[in-house]
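Since the structure comes first, as structure tokens, the remarks are kept for the end.
Reminder, nothing fancy here: chain letters follow the sequence lines and each chain counts from 1.
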Amino acid sequence: MENTSTIYNDLNAAQKEAVLYGEGPLLILAGAGSGKTRVVTYRISHLIKDLQVMPQQIMALTFTNKAALEMKERVSKLIGSNVDRMWIGTFHSVMVKVLRQFGSLLHYSPSFQILDTEEQQKLIKTILQEQGLDKDMYDPRAVIQAISKQKGRLLTVEQFYEKYPTLTKCLDSTAKLCFPFYAEYQKRLLSLNAMDFDDLLLNAYVLFVNYPHVLELYANRFRYIFVDEYQDTNFAQYNLVHMLSSKHRNLCVVGDDDQSIYAFRGADVRIILSFEEDFPDAKVIKLEQNYRSSATILQAANNIIKHNRKRKAKELWTTAASGDKITYYRALNQQDEADYVVETIKKSVQQGQEYRQFAVLYRVNALSRNLELAFLKAQIPFHIFGGLRFYERKEIKDVLAYLRLICDPKDDLAFIRVVNTPKRQIGTSTVEKVLTLARTSGKSALEICAEVSRYPELQKAQNKLATFARLVADMRRNLQNPAFTLASYIEYVQNESGLVEEILNQMEKGREDSAQRVENLKEMLSDAVDFVKQAKFDTLDFTDEQLEENDLLAFVSRERKAITDLSTAPVKTYDGKAADLSLLEQEALKRTTESDSEAESLRQRTLLDDLHDYLEMTVLNQAVEGENDGNFVTLMTLHAAKGLEFDNVFIVGMEESIFPGVRSLNNIESLEEERRLAYVGVTRAKKKLTLTATAERLLYGSTTYNPQSRFVKEIPPELLDEKQNETSTDNYDLFQHNDRRHYGSAGSFSFGNYQADNYNSNKNTVAYSQRVINKGVQEAMSQLHKISNNKKTEIKLTPLAVGKSTNELELAQLKVNMRVVHARLGHGVIKQIEPVANDAIVVIQLDNGESKRIMAKAAHLQRE
DNA sequence: GTTCCTGATCTTTTT
DNA sequence: GATCAGGAAC
């Protein structure tokens, strides 16, 4: 076998062993920078190329879309083009695939929708109100978290109330929070035909338990299963993985217990720690050689992490030279700290380094502010990652809600969101009435509006509601209009709904972020163009679905036979109900007979298909492109930096109660998680690491004085090169004072609000900055250009057939002081043209004296 | 129904 | 200091 290929020659002994290891459970403990992804991708390629394993027999589960994408690309480079047949994806997306296929067994229709966190919270709020519960006692966010925790532990509603039959029996505080809500919440989800993120895992689990034959289908098919970042799995994921691999037992998990930093969202380190108990015959391979960092940096990392008690013995080593010492800078205050970072980068760049080789990491987002200002002042290009994600922005979510309502008129949550957005004088009380009527009659809210004249109690708002219903119906009808592409259709909805107009009106009133919001709407259009392009590429899943359609029929007939074999005994199910096989059978038959027409629509995707898939992508795939290969300094949280590497890394805010955070000071478990976070941060650096702390810090509106972080003290002093602001004499005393204080005490003390920072009103500078609020970490960092090259596509929209006249002015023809006619507003003069994305905001002085802002393209302005 | 003001809150984040 | 939700006044 050794002769099959030379690609294995660039692996070290441990890596090679992991790649070539045969059948059975395999745990790869891969330290930071030890070539983990390379090992996994090589192993997959080895299975396919050397052992003739079929790609469709391989499943690889990741936590993020970014990781899945990277794995796909790297595997496809190694083996050629047939990655498509493998199931490489996030836990969630893979389970969606399963549930779309078999969810009907759990009484969900295959088109169930997936709720995001905001909608979950809204649901909880309604339940809270309707049940008349004390809203000071229940914070919706905490309730959602509590429910999520139960689901992560695989407690269904039935099991939950079995375990906690009364409120007084809820000893656990999260159970207490759940108790009044869980059942009702779940009931609503079902009636909305919706699942939340945790349901995707929980329901897949329930499905597999209730219908062993379904599990068998997958367990048989997937001979090899891989799990990336195994230290981040929760109980539900753990169980799913074990079920799926129960047949062939070729489960390969990769992870590093020292890099487990997501316990706060349900990850359980014990899962990776007990892999060998789960599989006594497991092979364990440790990858300890680090190819990333200098010896000094590694030594620091090892010294920090060895203070943790619960962990697998593991020590990174390298053949690299010791390199530069770690700089530890003690600043006067956060300004001084930021200036130091900026100055250091400036100097290094003057000596020939590039901005892209620098990253500044921090524990909490709040620390980015001062850095941002300092970078702006110094005119150094930078990107801040984190903050609101693209699809979570208000203006985007509003458009998405319209699209959802158009797609599925029964989507009452979408209805609630948009019925009065933009404002249509439809208030909460009216909406309440509509919803009550909908609930009692079993109709959807939109249906009620469509036949509003039948309901005397809605008389006052009759016209408004009817107009809204007509608006949505019109939009829906236009789905059939062949002139539309997905992007041009979305643009049409953006305009027709009045959302764009509302933003422009707000701009009129001086709202500052309006231009940005318009730009986001435009960005959404190019996003849609790219999405369709990709969807045409990605035919991958359809072949698989086709395959499973037959499986579904086979499954039903087998299940039937099982029942007849057991004479009258019903199939054992999870909730005690017998499976309704006849329904399922009809469904399966229907699908097979439809498969011809489906195959046809495969060739010619309809606008509705595109829209459907697009909507699913927006919930499930939150990652959005960032600017990829720009030469800029990266600013992000330590969490976001996991998996990335930079030549030069700064970690700021190395102070007790910031890092480690206040909330972890009294708890060993979370303190150890903070320490792992420090370990992750330190190991991001390849050549040079700089740590900074301040004597005095203005945070959350008050000044604090924190002792230096214990993590700095855990680094042997001989590795550190300590520096401080030379202009100051009292600086050191301040630190002495801070450090004399005890660690465990409730963190920092404060002298109240004095002296705010000097830069507080720099809003204009912020606007021109290179700051990209919210583009995902995804591509900005990766060297994979493939997608990003497509991303910069120019938006080409099919012009609307309607309303286009020969007199219509093109964007380029518009000039200031030109007289124009607007179909609705009448005559006026162009006063200002402000380009935005591929369009422009035009200020028109109307003849009646009023001035209006409109989007140039949608306005269809004509020559006077 | 809408706007404007007050006051509580401020880890980390993906799906 | 900044944001955002919820309540009172318009």
Modelled atom types, side-chain donor and acceptor of A/Glu673 and A/Ser260, under 3.5 Å: no
Assigned glycosidic conformation for B/dT11 [threshold 90° from 0]: syn
Lys/Arg-Asp/Glu bridge criterion (N-O < 4.0 Å) met for A/Lys36, A/Glu229: yes
Side-chain donor-acceptor contact under 3.5 Å, A/Thr694 with A/Glu337: no
Rounded interatomic separation in angstrom, taking CG from A/Leu69 and P from B/dT14: 16 Å
Centroid-centroid distance, A/Tyr362 to A/His639, less than 6.0 Å: no
Rounded interatomic separation in angstrom, taking CD from A/Gln334 and P from C/dG1: 11 Å
Separation of C/dA2 P from A/Leu373 CG (nearest whole Å): 10 Å
Ring centers of A/Phe235, A/Tyr205 separated by less than 6.0 Å: no
Integer-rounded Å distance: C/dG1 P and A/Arg697 CZ: 16 Å
B/S/- contact track for nucleotides 1-13 of chain B, protein heavy atom under 4.0 Å: SSS------BBBB
B/dT14 phosphate, OP1 or OP2, under 4.0 Å from A/Asn65 side-chain N/O: no
A/Glu616 CD to B/dT15 P, straight-line distance once rounded to whole Å: 14 Å
Closest heavy-atom pair and its distance - A/Tyr185, A/Ile147: CD2-CD1, 3.9 Å
Taking N or O atoms only and anything under 3.5 Å, show me the protein contacts with nucleotides 4-9 of chain C, one pair per line.
| unit_1 | atom_1 | unit_2 | atom_2 | d |
| --- | --- | --- | --- | --- |
| C/dG7 | OP1 | A/Lys135 | NZ | 3.2 |

Parallel, tilted or perpendicular, as decided by the 30° and 60° cut-offs, for the rings of A/Phe181 and A/Tyr138: perpendicular
Donor-acceptor pair between A/Asp398 and A/Thr421 side chains, under 3.5 angstrom: no
A/Leu201 side chain reached by A/Asn239 side chain, heavy atoms, under 4.5 Å: no
Separation of B/dT15 C1' from A/Leu99 CG (nearest whole Å): 14 Å
